[in-house]
Structure formats: C-alpha cells, structure tokens
Amino acid sequence: MSYLRETGIMTQFSSWQLICVLVLVYLTHQGFKAIKYNGLRRKWYTKPCRKSGQSSLQRTRAMKEASKKGRLFEYHEQQFIRENAHTLEMRVFTQTIFMTKSAENVKCMLSQNFQDWSLGPRLRAFRPLLGHGIFVSDGARWESSRKLLKPQFSREQISHVRMLEPHVQNLFKRIKAHHGARFDIQPLFHLLTLDAATEFLFGESVGTLNFDKNGSVDEIERKKKFGHAIGFIQEYLIKRANLLDYCWLLNSAEFRNNVEFVHDFTTDFIKKAQIASGTSDASSNYVFLRELLKRTSDPIILRDETLNIMLAGRSTTASLLSSLIYELARNPSVWLKLREVVSINFGKGECGAELDSITFETLAKCLYLRYVMNETLRLHPPVSQNARQATKITTLPVGGGPDGQSPVFIKKGDIVVFQIYSMHRQRDLFGDDADCFRPERWAALNHIGSAFLPFGTGPRVCLGQKYALTEASYILVRLAQTFPTLEHDNSAYPPRKRSTATTVYMDGVNVHMS
C-alpha cells in the first residue's frame with residue numbers, strides 16, 4: 001500500500017472506483033466458477049434437483065412450529081411427499097442444503113465416496129464438549145481415534161453382560177415401587193444406561209438409580225449434577241448444530257459451566273484409573289478407561305474419547321429401550337410372543353444358571369428378539385437424521401431430473417442431510433404397512449442394505465453397535481422375564497418426539513408394569 005501511495009497510483013482512484021474494481025474482480029471470479037461448474041455438469045450428466053417450495057423464512061418458521069408440536073420428523077417426511085421426490089434442494093441462510101431419503105445417495109456418501117465428505121458443522125458445534133474425539137473428527141485424526149478405540153469393542157469384551165445385572169435390579173426396584181400404577185419409564189432408562197456406561201468406561205458407576213446413602217452428601221450431589229449436566233448439554237449441542245456455521249452464537253455461561261463440570265468430573269475418573277492401573281489392587285473386571293491407558297497416557301485424548309463413547313452409548317441405548325417399551329406396550333400380542341420366546345431360550349431368570357444363559361452369543365441367536373429390535377430401530381431410530389458436508393466438487397448418484405434418477409451436482413461446502421426416519425418408512429422397501437410395528441416383516445428382509453442404518457454404514461459405522469444391541473437385548477429379556485403385564489396409557493399415536501443428540505419422547509413413555 002505504501003508503494004501505491006508513493007507512486008501516486010492510489011490518488012488516481014476514488015473510493016467508489018476501488019469498490020467497483022473489487023466487485024468486478026469478484027464477478028469475474030464467480031463467472032469463471034460458473035463456467036467450470038457448467039462444464040462438469042455436462043461431463044458428469046448431472047441434472048438439477050427438485051427445489052423445496054418454501055422460502056428460508058417460511059421453512060424456518062414451519063420447522064420451529066413442527067418442533068414445538070413434536071412433529072419435526074413428520075414435517076420432513078411431508079416435504080418429500082408434497083414435492084414427490086426423494087431428494088430436495090434448499091437454501092438456509094447462505095448455505096446450500098440437500099435433503100435426501102435415498103439409500104443410494106447415503107451409501108455413496110458414507111461408503112463408496114467416503115473421502116469426498118466430512119462431518120461439517122457438527123465438528124464445530126460439538127467440539128466444546130467432545131474435543132477431538134472420534135465423533136467430532138475427520139481425516140487422519142479420526143483414523144487415529146478409530147485405531148485407538150476399535151480394540152476396546154472386541155467380541156470378548158462386549159460379551160460381558162453380567163455387569164448389567166446389578167443395574168437391572170436397581171431398575172426393577174424403581175419399577176416395582178409404582179405397584180402397577182402408571183409411570184414414565186423413559187427417565188429410568190436414561191439413569192440405567194448412564195449407570196451402566198460409567199461402570200463400563202470408568203470401572204465405577206455413578207449409581208443414579210440407587211445412590212449409596214452411606215456416601216457423602218457432596219459426592220451424591222456431584223453425581224446427580226453430572227447426570228443433569230449431560231442432559232442439558234446434549235440438548236444445547238443440537239441447537240448449536242442447527243445453526244450450522246453460526247453455532248458460535250450459542251455459547252451461554254450455563255453451557256460453558258456445565259461443559260467445564262463434565263470435563264472435571266471425567267478427569268477425576270481418569271486420575272483414579274491411572275492410580276489403579278499402577279497397583280496390584282486393580283479389579284479383574286474389564287474397564288474401558290484402564291485398557292485405553294495401555295495405549296495412551298495423554299489426559300486430553302483419554303477425556304475426549306471417553307466422553308465421546310459415553311455420550312453415544314448412553315443416549316442411543318436409552319432411546320432404543322424407551323421405543324421398545326413404547327411399542328411393546330401398544331402391541332400386547334408381540335409382548336406375549338416375546339415373553340414366550342424368552343422363556344424358551346433363557347428361562348424365567350429365577351436362578352443363576354438361567355442368568356448365565358443370557359450371553360452375547362445366545363442373545364444374537366434369538367431370532368424373534370432380533371426382529372423386535374430391528375423393527376423398533378426402523379420405526380424409531382435413536383438418531384433420526386444425520387448430515388455430511390462436501391470437501392470437494394462431487395455428485396450424488398440420484399435425485400436430479402424430472403424422474404429423480406439422474407446424478408446431482410454438489411459443490412464443495414454443500415451439505416447433504418439424510419433423513420433416516422423417512423428412509424426407514426419407504427413403502428417400496430418395507431411394505432404398504434411400513435408405518436406399523438410388525439416385527440415379523442424381518443423374516444423376509446434379508447438384503448435391505450443401506451436403506452436400514454440405525455448405526456450408520458461404511459468406514460464410520462458405529463464401533464459400539466454390538467455393545468449397544470447386546471445391552472438393550474439383555475435388559476429387554478430381563479424385563480420380559482420379570483414383568484408379565486405391560487400396558488400403555490392410551491396416549492395418541494404416533495408419539496410426539498423431539499431430537500436432542502437422540503430421539504426423546506416429549507410426553508414420556510407412560511406404562512403400567514407388574
């Protein structure tokens with residue numbers, strides 16, 4: 001700039017002339033990009049995607065209203081129906097977003113062209129809590145996390161289901177305390193899975209279902225606060241993620257304080273595990289954190305990865321269990337059949353030998369139990385939608401043209417949201433009764449592929465998938481053995497839901513059990 005002033009060049013241009021030059025440079029740049037894009041569109045035979053008929057403002061208002069009513073998932077499904085398309089294009093703020101329920105597109109993003117896509121805004125939205133853990137990292141950092149964590153989910157470790165029994169007994173006490181009267185079981189599942197997750201991860205459960213009254217008041221209150229903090233943060237993170245690149249606008253003092261508390265709480269467990277691993281007094285039971293210490297001693301990595309696994313494992317399993325009981329209470333014939341199958345395969349759970357028969361292997365071999373699990377995951381996926389952001393110019397295989405069968409051109413930075421809720425209800429794949437709960441349909445659904453992905457697919461498929469299914473299956477079997485009566489409260493169907501990190505029932509899961 002000093003050179004320009006000295007030579008007098010700056011004096012030859014007024015401010016408005018400089019602005020005009022800058023605008024001209026920008027338009028020229030955009031023109032060259034348009035030429036490049038048009039050339040690639042012709043080369044790749046792409047066609048325009050069906051556009052949403054709503055403006056950004058209309059869509060924002062409609063989504064807010066649908067979310068308030070607990071009908072956001074149905075709203076997105078109605079968009080596909082209204083536009084008669086499985087892939088739609090829309091603008092949100094300055095961002096181009098595609099929404100799809102095409103299994104072919106999802107398979108392309110998550111598997112075939114995996115390297116063309118990143119997690120996008122989720123990285124920035126979730127980072128305050130999860131740091132650089134496996135669920136909020138891409139590229140080499142993600143590969144390092146996966147290599148570190150994968151051995152912790154071996155078949156031998158996920159087969160240790162007996163550690164769940166004390167927590168299940170605490171759940172039974174809370175259920176029986178209602179003496180068959182109506183109660184909401186959903187919050188109990190969130191407490192149960194938090195207790196189980198902390199024992200698996202830290203070797204010590206927070207015991208939220210049955211606090212040790214002999215412990216100090218401060219310790220009990222701190223454990224309670226941990227559960228509340230996790231719940232608050234999960235809802236807040238989703239609000240941040242919905243703001244895309246503007247997630248930084250949501251960063252309240254309450255949010256920061258809760259994140260700091262959760263980090264400190266987790267760090268305390270890490271310190272305990274470090275001390276225990278160096279002594280001969282360490283328990284022989286499998287402890288995730290203790291095994292992780294054999295591979296790294298970095299306290300930040302240990303904290304980030306442990307919180308990533310805990311947040312995912314606790315919430316998804318609680319959501320699945322809530323949906324299982326919700327549907328089984330509404331379908332007494334399925335509950336009766338499941339109880340009969342459980343009795344034949346695992347007995348009535350009245351002695352240690354019968355409990356010993358409930359293993360990873362026997363749970364996996366129980367076909368009807370698997371059908372019930374799959375049907376619940378289909379109708380009520382714990383994660384109802386997910387997204388990817390293009391890291392380069394690329395395409396989606398279908399969605400373009402009048403018939404929606406041509407490729408779609410995707411620019412670097414475009415976001416594709418895939419609606420798992422809608423994917424799982426496609427009638428051409430799951431039958432005309434796709435909105436109904438019918439576990440028997442899975443006897444014939446052998447090659448459904450990427451149209452059914454409650455745990456994702458491709459290189460980023462959930463590491464804890466078998467662990468979560470084993471945990472939920474064990475708990476369901478024990479409930480079936482213990483409570484012959486399961487009735488719903490005649491609430492309206494379909495249920496009202498909201499999406500935090502996972503699906504939550506707005507009106508609870510109100511049942512009678514005895």
Are any of the side-chain nitrogens in [X] or [Y] under 4.0 Å away from the carboxylate oxygens of its partner?
{"X": "E204", "Y": "K272", "answer": "yes"}
{"X": "D433", "Y": "R427", "answer": "no"}
{"X": "E143", "Y": "R146", "answer": "no"}
{"X": "E104", "Y": "K107", "answer": "no"}
{"X": "E89", "Y": "R50", "answer": "no"}

Locate the shortest heavy-atom distance separating [X] from [Y]; write the atom from each residue and the value.
{"X": "P459", "Y": "W142", "answer": "O-CZ2, 3.4 Å"}
{"X": "N105", "Y": "L396", "answer": "OD1-CB, 3.5 Å"}
{"X": "T503", "Y": "S384", "answer": "OG1-CB, 4.1 Å"}
{"X": "T470", "Y": "L363", "answer": "O-CD1, 3.8 Å"}

inquiry  = The test is side-chain contact (heavy atoms from CB on, under 4.5 Å); show your working for L324 and H380 and say whether it passes.
reply    = CA-CA 9 Å; L324 280 163; H380 310 287; over 6 Å; no

Would you check if the side chain of [X] reaches a backbone N or O of [Y] as a donor-acceptor pair within less than 3.5 Å?
{"X": "R496", "Y": "G70", "value": "no"}
{"X": "S144", "Y": "A140", "value": "no"}
{"X": "E83", "Y": "F80", "value": "no"}
{"X": "Q58", "Y": "S55", "value": "yes"}
{"X": "S111", "Y": "C108", "value": "no"}
{"X": "E327", "Y": "F437", "value": "no"}

Self-check item: Evaluation steps, side-chain contact (heavy atoms from CB on, under 4.5 Å), between Y368 and E440
Solution: CA-CA 8 Å; Y368 193 69; E440 288 76 11; 3.1 Å; yes

Candidate pair R498 and S67, rule side-chain hydrogen bond (donor to acceptor under 3.5 Å, both in side chains), full reasoning
CA-CA 7 Å; R498 73 176 187 273; S67 184; over 6 Å; no

In this structure, are over 12 heavy atoms from other groups packed under 6.0 Å from [X] atom [atom1]?
{"X": "Y37", "atom1": "OH", "value": "yes"}
{"X": "R91", "atom1": "CZ", "value": "yes"}
{"X": "R256", "atom1": "CZ", "value": "yes"}

inquiry  = Side chains of Q426 and H86 only: does a donor on one sit below 3.5 Å from an acceptor on the other?
reply    =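 No, because no side-chain N or O of Q426 sits under 3.5 Å from a partner of the opposite role on H86.
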
Distance-only donor-acceptor check, side chains S315 and Q234, under 3.5 Å: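 Yes - a donor-acceptor pair under 3.5 Å links their side chains.
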
**Message:** If the condition is ring pair (Phe, Tyr, Trp, His ring centres under 6.0 Å), which residues does Y236 pass it with, not counting sequence neighbours?
**Reply:**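 Partners of Y236 by the ring pair (Phe, Tyr, Trp, His ring centres under 6.0 Å) criterion, ordered by chain and then number, come out as F232, F255.
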
**Message:** Taking ring pair (Phe, Tyr, Trp, His ring centres under 6.0 Å) as the definition, give me every residue that meets it alongside F452, ordered by chain and number, with sequence neighbours left out.
**Reply:**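 Ring pair (Phe, Tyr, Trp, His ring centres under 6.0 Å) list for F452, sorted by chain: H424, W442.
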
Evaluate the side-chain hydrogen bond (donor to acceptor under 3.5 Å, both in side chains) criterion for residues S319 and T502: first the C-alpha distance (whole Å), next the side-chain angles of each, then the deciding distance (0.1 Å), finally the verdict.
CA-CA 7 Å; S319 179; T502 53; 4.7 Å; no

*Apply the side chain to side chain donor-acceptor pair (under 3.5 Å) test between S422 and each candidate in E74, K101, E77; give the one that qualifies.*
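Running side chain to side chain donor-acceptor pair (under 3.5 Å) over E74, K101, E77 with S422 returns exactly one hit, E77.
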
| Is there any side chain to side chain donor-acceptor pair (under 3.5 Å) pair reaching into residues 112-126, and which pairs are they, with sequence neighbours excluded? |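 Residue pairs with at least one partner in residues 112-126: D116-T394, R122-N386, R124-D245.
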
Open item on the list: Which residue is it: T376, I325, L476? I am looking for the one with a side-chain contact (heavy atoms from CB on, under 4.5 Å) to L320.
Closed with: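 That would be T376.
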
- request: Apply the side-chain contact (heavy atoms from CB on, under 4.5 Å) test between Q54 and each candidate in M90, R82, R61; give the one that qualifies.
  value: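 Result for side-chain contact (heavy atoms from CB on, under 4.5 Å) with Q54: R82.
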
For this session: Verify whether the ring centers belonging to Y467 and F200 lie closer than 6.0 Å.
Result: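 Yes; F200 has its ring centre under 6.0 Å from that of Y467.
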
